[in-house]
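Single-structure report; data block below.
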Amino acid sequence: MSKDYKPPYVKKILVSSRKVKKGIKKAAKWLDDKFMSKKTTPIFVSVLKGSLPFYGELVKHIHFDVLFDYIAISSYKGKITCTSKPKIIFDLTNDVKGKDVVVIEDVVDRGNTLSLLVSLLKKRKAKSVIVMVLVDKSDMRTVPFKPDYVCFELLHDPFLIGWGLDYNEKARNLPYIAEFDKSYIDRI
Ligand code: IMP
Ligand code: MG
């Protein structure tokens, strides 16, 4: 088998590809336990673009019907700090009124993006909202926000790449979660 791609801007692999997959399988089991016995078809909302690899892996392991939907919320201007208020740049195609909604996101950091999204879904009268995140940087919050399910908690502010997480739109395809080497800022 060929080795995983490891570009020079990867400072350290924090969660291996095998561990990420195992963690996501566990998340799918948690969702199965919640929804398998219910007569409901939840809407799975992928927060673009970062959640796509997590979303794709998660849905392979669930055992109930779901509807796929997507939303894009932008707050980063390509570097490693938040520079603007989150804004919806691509909206859902489903009406969420009276529906169970499962939000799938790569990371919760300051909490702005997901708290905006959850209040929007509640304003649109979703019956229930569950938030699943691949990574929680829980010590970084500026807005109080608690996801319903966290696959991995990573503290002390490493800038993360891989499994959908990007630096300047790159590195989303890395099959592990890694720390970005900040000496590569503005160089890739
Ligand atoms: P928030 O600060 O919780 O609103 O996070 C907003 C968005 O910032 C996330 O959806 C990610 O797209 C991005 N983000 C936060 N931390 C990281 C990171 O460590 N690596 C890559 N993107 C991040
Ligand atoms: Mg994101």
Side-chain angles (χ1 to χ4, degrees), residues 5-17 19-20 23-24 27 44-58 69-92 101-123 129-188:
Y5 172 50
K6 190 168 178 283
Y9 51 80
V10 167
K11 186 167 180 192
K12 192 176 172 200
I13 294 178
L14 301 174
V15 191
S16 71
S17 163
K19 275 197 183 145
V20 175
I24 297 175
F44 271 34
V45 172
S46 161
V47 186
L48 296 172
K49 305 168 194 166
S51 76
L52 278 177
F54 175 33
Y55 190 101
E57 185 66 22
L58 186 72
D69 214 335
Y70 309 90
I71 194 164
I73 302 172
S74 143
S75 57
Y76 271 50
K77 291 257 195 287
K79 300 290 187 270
I80 65 168
T81 47
C82 235
T83 49
S84 58
K85 249 189 89 190
K87 224 172 45 199
I88 292 172
I89 50 176
F90 176 81
D91 209 341
L92 301 169
V101 178
V102 178
V103 172
I104 292 144
E105 173 62 314
D106 52 0
V107 60
V108 53
D109 183 22
R110 306 220 268 182
N112 294 301
T113 311
L114 284 172
S115 53
L116 173 102
L117 179 54
V118 169
S119 28
L120 178 80
L121 293 167
K122 288 189 173 154
K123 215 165 88 193
V129 180
I130 285 175
V131 177
M132 314 282 293
V133 297
L134 184 63
V135 177
D136 190 356
K137 293 162 86 174
S138 59
D139 55 347
M140 294 299 291
R141 288 300 189 283
T142 52
V143 174
F145 185 84
K146 205 171 168 340
D148 298 280
Y149 192 94
V150 173
C151 295
F152 303 98
E153 185 170 55
L154 296 171
L155 305 175
H156 315 305
D157 195 25
F159 192 76
L160 304 169
I161 49 175
W163 270 90
L165 293 151
D166 71 303
Y167 168 72
N168 206 13
E169 294 295 333
K170 295 189 188 81
R172 294 193 197 273
N173 58 314
L174 300 178
Y176 42 76
I177 299 170
E179 179 175 359
F180 176 70
D181 181 343
K182 288 183 182 162
S183 71
Y184 281 83
I185 288 177
D186 290 332
R187 288 169 57 204
I188 68 156

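Below, all heavy atoms of this structure are taken into account, side chains as well, without hydrogens, waters or symmetry copies. Just follow the structure's listing: the first ligand is 1, and inside any ligand the first atom is 1.
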Quiz prompt | Interfacing atoms of ligand 1 (cut-off 4.0 Å, heavy-atom, R110) | solution = 1 (P), 2 (O), 3 (O)

Quiz item: Backbone or side chain, does any N or O of F159 fall under 3.5 Å from an N or O of ligand 1?
Solution: no

Quiz item: Considering only heavy atoms from C-beta outward, does the side chain of S115 approach that of V118 to under 4.5 Å?
Solution: no

Quiz item: Is a donor on one side and an acceptor on the other found under 3.5 Å between the side chain of S51 and the backbone of F54?
Solution: no

Quiz item: Which is it for D106 and ligand 1 at heavy atoms under 4.0 Å: side chain, backbone, both or neither?
Solution: side chain

Quiz item: Between CG of L160 and CG of D106, what distance do you get to the nearest 0.5 Å?
Solution: 9.5 Å

Quiz item: Within the structure, does G111 bring an N/O atom to less than 3.5 angstrom of an N/O atom in ligand 1?
Solution: yes

Practice problem: Identify which of L48, V107, I73, L114 has a heavy atom lying nearest to atom 9 (C) of ligand 1. | Solution: V107

Quiz item: Side chains of D181 and S183: donor-acceptor distance under 3.5 Å anywhere?
Solution: yes

Quiz item: Can you list the ligand 1 atoms lying under 4.0 Å from a non-hydrogen atom of N112?
Solution: 3 (O), 4 (O)

Self-check item: Exam field: side chain D148 to backbone V131, donor-acceptor pair closer than 3.5 Å
Solution: yes

Quiz prompt | Contact partition for K137 relative to ligand 1, non-hydrogen atoms under 4.0 Å | solution = side chain

Quiz item: Does F44 offer a backbone N or O that forms a donor-acceptor pair with the side chain of Y55 under 3.5 Å?
Solution: yes

